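As the structure is a prediction and not an experimental result, all values here were calculated from the model. Start at 1 and go down the list; that is how both ligands and their atoms are numbered.
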Amino acid sequence: MANYTKRDEVAVIELNNPPVNALSFEVRSGLQNALKSAIDDQDVKCIVIHGKGKNFSAGADIKEFGAGTKQQKPWITDACRLADESSKPVVAAIAGTALGGGLEVALFCHYRIGTPSCRVGFPEVQIGILPGAGGTQRLPRLIGVNSSIDMITSGRHVMAEEAMKLGILDKIVTEDIIEEGVKFAKSVVGLDLAHRILKNRKIEAVSPKVFDDEISRVKKKYKGYIAPLFCLKAIQASVQLPYDASMEQELQLFQHLVGSNQAKAQQYAFFAERTSARWQLPTGANSQNASPLPVKTAGVIGAGTMGAGIALCLITSGIPTVLVEQDQKFLEKGIKTMEGDLRGSVALKKMTAEQAKKAMLILKPSVNFEDLHDVDLVIEAVYENLALKKEIFAKLDKICQPQTILCTNTSSLDIDMIAEATKRMDKVVGTHFFAPAYIMKLQENVYGKNTSAETVATVMALGRRIRKVPVLVGTCESFAANRMLHPYVTEALYLVEEGASPYEVDQVLEDFGMPMGMFRVSDLSGLDIGYKVRREAAKRQGIDLTLGTRFVNGERVCLLADVLVEKGRLGIKSGKGWYNYGSPGKKEAIPDPEVLDIIEEHCRKFGIKKQKISSQEILERMQLALINEGFRILEEGIVSKPEDIDVIWIYGFGWPKYMGGPMFYANEMKLKNVYRKICDFHQKYPFSIHWTPSKLLARLSETDLPISNWTSLINSNSKL
Ligand code: CAA
């Protein structure tokens with residue numbers, strides 16, 4: 001709803017729908033009625049609109065967007081049209097965020113003022129739609145076509161200072177937004193409003209070439225996403241058509257997107273991220289009843305690629321950090337990497353040179369473990385070796401304060417075994433970052449059997465603070481993310497053995513929307529890493545792994561990647577892997593006939609008959625293998641809800657948001673189809689354990705219930 005009060009001759013309208021004042025039907029109706037009252041009231045000379053609480057408004061209520069449904073009247077434009085027609089000045093007083101429809105309301109006002117910490121933006125592309133209440137028509141009239149294209153197609157938030165420069169804000173005021181709004185509104189009473197009404201403003205002439213160029217840019221930058229392209233069409237309409245006609249065009253484009261599968265998937269992903277932040281431990285402790293400990297300072301052990309990246313996340317979020325390496329030379333190398341990454345961020349305008357400098361000032365590089373004595377939390381990021389990690393944790397346990405939380409960035413080792421090296425098992429937890437740690441948003445937090453709720457709350461809160469997307473998972477071999485990767489990678493290798501080329505496999509995945517095919521990703525990570533992990537695991541199990549091994553414990557294995565490693569093809573770092581890169585470190589991946597010969601030779605050696613494999617089969621086998629594993633992870637309680645898995649794949653491996661994540665994808669395919677196909681593959685490939693159908697999937701597939709019901713079904717029926 002919207003509250004209506006008066007202060008002298010000023011009408012104050014408060015958008016009231018906590019926590020973010022989403023513009024639900026009630027708020028739109030309330031706003032419309034309040035504007036009407038203010039305009040009709042002879043004593044009112046001017047009007048201020050503000051939001052209750054911390055935010056102006058986060059825009060339309062996303063929950064109201066059922067695919068294909070029309071918005072219930074009044075729509076935002078109906079409610080705000082009164083402001084356009086008002087002879088009394090209307091001022092938007094913005095604190096917190098004015099996003100999407102929230103900014104559109106503000107653009108219907110004659111003036112906009114904001115607090116120094118406020119943010120404005122059109123993030124609609126991130127939920128698969130476009131600003132459908134005049135945003136694509138009014139913003140270009142205010143700040144020009146080019147800046148509008150940038151803001152609307154990127155969805156980025158614009159801070160107060162930039163909003164002022166662009167002309168979105170007329171004034172930056174103090175944080176006391178209602179007082180400031182009233183004062184400002186009084187100061188503009190009696191001024192001519194004609195030029196303040198955006199629909200009356202002339203729009204600059206822009207050649208069609210600008211839009212052609214933008215279409216190419218957007219197609220490349222937001223590959224696969226349709227919303228940014230629709231935004232361009234709507235903005236182009238603002239240039240080509242009279243206001244009323246282009247508003248109609250915007251509405252049509254908006255309605256088309258609202259009903260699209262991409263919008264459905266992206267909106268699911270939006271809420272999945274928030275659902276995933278609500279964690280729960282098997283003990284019943286959860287995000288509602290556990291409080292995080294304060295993290296004022298942190299430490300990172302290891303200045304390699306991961307350690308340096310994690311330290312960078314901490315210092316750029318304002319957390320003073322001690323970075324410890326055992327060797328001065330490695331420490332300096334790590335610092336150079338960090339400085340290089342910061343320079344990159346400055347070049348990309350993600351931060352100012354001043355901010356980058358400030359971040360480095362709170363980094364304390366050290367070769368002395370004792371410097372971690374007073375930090376609140378330590379993240380260990382040395383290489384994957386259990387003995388080494390245990391030694392480090394035993395040492396940390398002695399050096400650090402008793403309340404200090406000890407985190408490990410292990411991607412596969414047992415958290416409980418690492419914790420056993422300390423006398424504070426409740427304060428040991430996994431914080432698994434993804435490479436490159438400074439860029440990738442996923443933070444897979446892993447609890448052990450003794451990790452306390454307070455410790456979990458602390459690392460979950462830390463994740464959000466350092467702009468990551470934290471997900472909580474339980475302990476198992478490789479945890480949730482990499483465990484699901486295993487059948488995906490394995491299937492890719494089987495496909496290559498059976499007749500698909502690595503380049504076909506990658507193409508299918510990239511056409512689906514993955515940022516990189518599996519083989520390109522392997523080259524980027526380095527094929528030698530998997531090689532070492534496989535050999536260490538085999539050694540632990542007493543297995544003699546050689547290039548001639550075809551089965552381990554009755555399970556089919558394909559060691560083609562190891563063949564490449566033994567030929568010196570380690571991936572990008574050696575200039576050759578599954579692809580040829582010309583020279584080490586170069587990024588352009590060129591298909592290599594030599595690799596095809598190696599595969600040919602491998603198949604001849606083992607008598608494997610090659611056949612043509614269709615793109616559909618490639619896609620199905622890779623995706624259903626990981627989806628089946630996802631259901632097993634859910635079944636075992638490693639994650640507590642399907643949204644966790646989707647968030648992991650979106651933010652850890654680049655699953656396209658417009659496909660919602662693997663669990664959402666399975667939901668869209670219908671579980672009975674997914675289950676049937678997995679059973680078929682299980683029959684066809686009996687020696688691949690990953691095709692054993694998940695029991696949970698089998699049970700859920702009988703219910704035909706949508707993904708939103710799975711969690712309660714799992715919780716209410718333990719037999720599932
Ligand atoms: N509609 C419905 N619910 C919303 C919402 C919206 N527009 N924005 C946020 N929420 C809900 C969240 O789901 C969350 O709910 P739970 O507590 O139940 O999980 C709650 O509000 C708080 O949100 P966050 O946890 O995200 O809080 P935050 O402080 O971290 O972030 C925010 C605040 C920056 C506003 C962020 O919520 C956000 O980006 N919201 C979406 C903004 C957006 O996409 N707006 C466009 C809407 S579409 C539109 O407006 C179309 C148009 O043209 C009219």
Side-chain angles (χ1 to χ4, degrees), residues 15 17-28 31 51-66 69-80 94-108 117-139 151-152 154-159 227 230-231 234-235 247 250-260 263-264 266-279 286-288 441 460-461 463-470 641 643 647 657 708:
L15 306 172
N17 184 15
V20 293
N21 301 320
L23 300 167
S24 61
F25 168 72
E26 287 76 18
V27 177
R28 299 194 302 270
L31 175 60
K52 190 179 170 85
K54 287 193 203 144
N55 293 296
F56 182 79
S57 166
D61 186 341
I62 304 169
K63 292 195 185 95
E64 283 184 3
F65 296 141
T69 53
K70 287 214 167 182
Q71 296 311 300
Q72 199 179 349
K73 292 243 169 195
W75 179 228
I76 298 166
T77 40
D78 306 316
C80 293
I94 301 171
T97 52
L99 299 174
L103 180 54
E104 284 167 315
V105 169
L107 293 181
F108 270 94
S117 60
C118 80
R119 289 180 283 161
V120 299
F122 282 123
E124 281 87 343
V125 283
Q126 284 155 15
I127 52 167
I129 57 171
L130 58 73
T136 63
Q137 306 305 306
R138 292 183 162 245
L139 193 67
M151 260 183 79
I152 295 174
S154 69
R156 72 186 176 91
H157 293 189
V158 170
M159 303 303 291
F230 273 60
C231 290
I235 299 170
M247 281 292 280
E250 180 197 79
L251 189 61
Q252 277 178 22
L253 293 166
F254 175 76
Q255 293 291 5
H256 182 94
L257 284 178
V258 165
S260 68
K264 188 178 168 195
Q266 285 178 249
Q267 284 159 30
Y268 161 82
F270 174 85
F271 288 113
E273 189 179 326
R274 280 145 189 91
T275 305
S276 184
R278 287 191 282 272
W279 54 267
N286 61 44
S287 44
Q288 307 299 313
K441 294 199 72 147
M460 291 299 280
R464 287 193 76 148
R465 190 165 156 208
I466 63 175
R467 300 179 305 275
K468 297 289 175 206
V469 181
K641 42 205 173 323
E643 287 86 352
V647 168
K657 258 193 198 169
S708 51

Inset, instruction - Identify, with sequence neighbours excluded, every residue that meets side chain to side chain donor-acceptor pair (under 3.5 Å) alongside S57. - result: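 Per chain and number, S57 pairs via side chain to side chain donor-acceptor pair (under 3.5 Å) with no residue.
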Inset, instruction - Output all residues satisfying side chain to side chain donor-acceptor pair (under 3.5 Å) with Q137, sequence neighbours left out; order by chain, then residue number. - result: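 For Q137 the side chain to side chain donor-acceptor pair (under 3.5 Å) partners, ignoring immediate neighbours, are S246.
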Inset, instruction - Please determine if E273 and K441 form a salt bridge, counting it only when a charged side-chain N lies under 4.0 Å from a carboxylate O. - result: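 Not counted as a salt bridge, because no side-chain N and carboxylate O are separated by less than 4.0 Å.
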Inset, instruction - Collect the protein residues that have a non-hydrogen atom under 4.0 Å from ligand 1 and hand them over in chain and number order. - result: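 P19, V20, A22, A58, G59, A60, D61, I62, F65, W75, I76, T97, L99, G100, G101, E104, P123, E124, I127, I129, L130, P131, G132, A133, F270, F271, R274, R278, R464.
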Legend entry - Pairs where residues 251-260 contributes a residue and the test salt bridge (charged side-chain N to carboxylate O under 4.0 Å, His left out) is met, not counting sequence neighbours: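 Those involving residues 251-260 do not exist here.
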Inset, instruction - Fit a plane to each ring of F65 and F254, take the angle between them on a 0 to 90° scale, and name the class: parallel (under 30°), tilted (30 to 60°) or perpendicular (over 60°). - result: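 The rings of F65 and F254 stand perpendicular, inter-plane angle above 60°.
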Legend entry - Approximate separation, where rounding is to 0.5 Å, of N17 CG and L23 CG: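 Here the rounded value is 8.0 Å.
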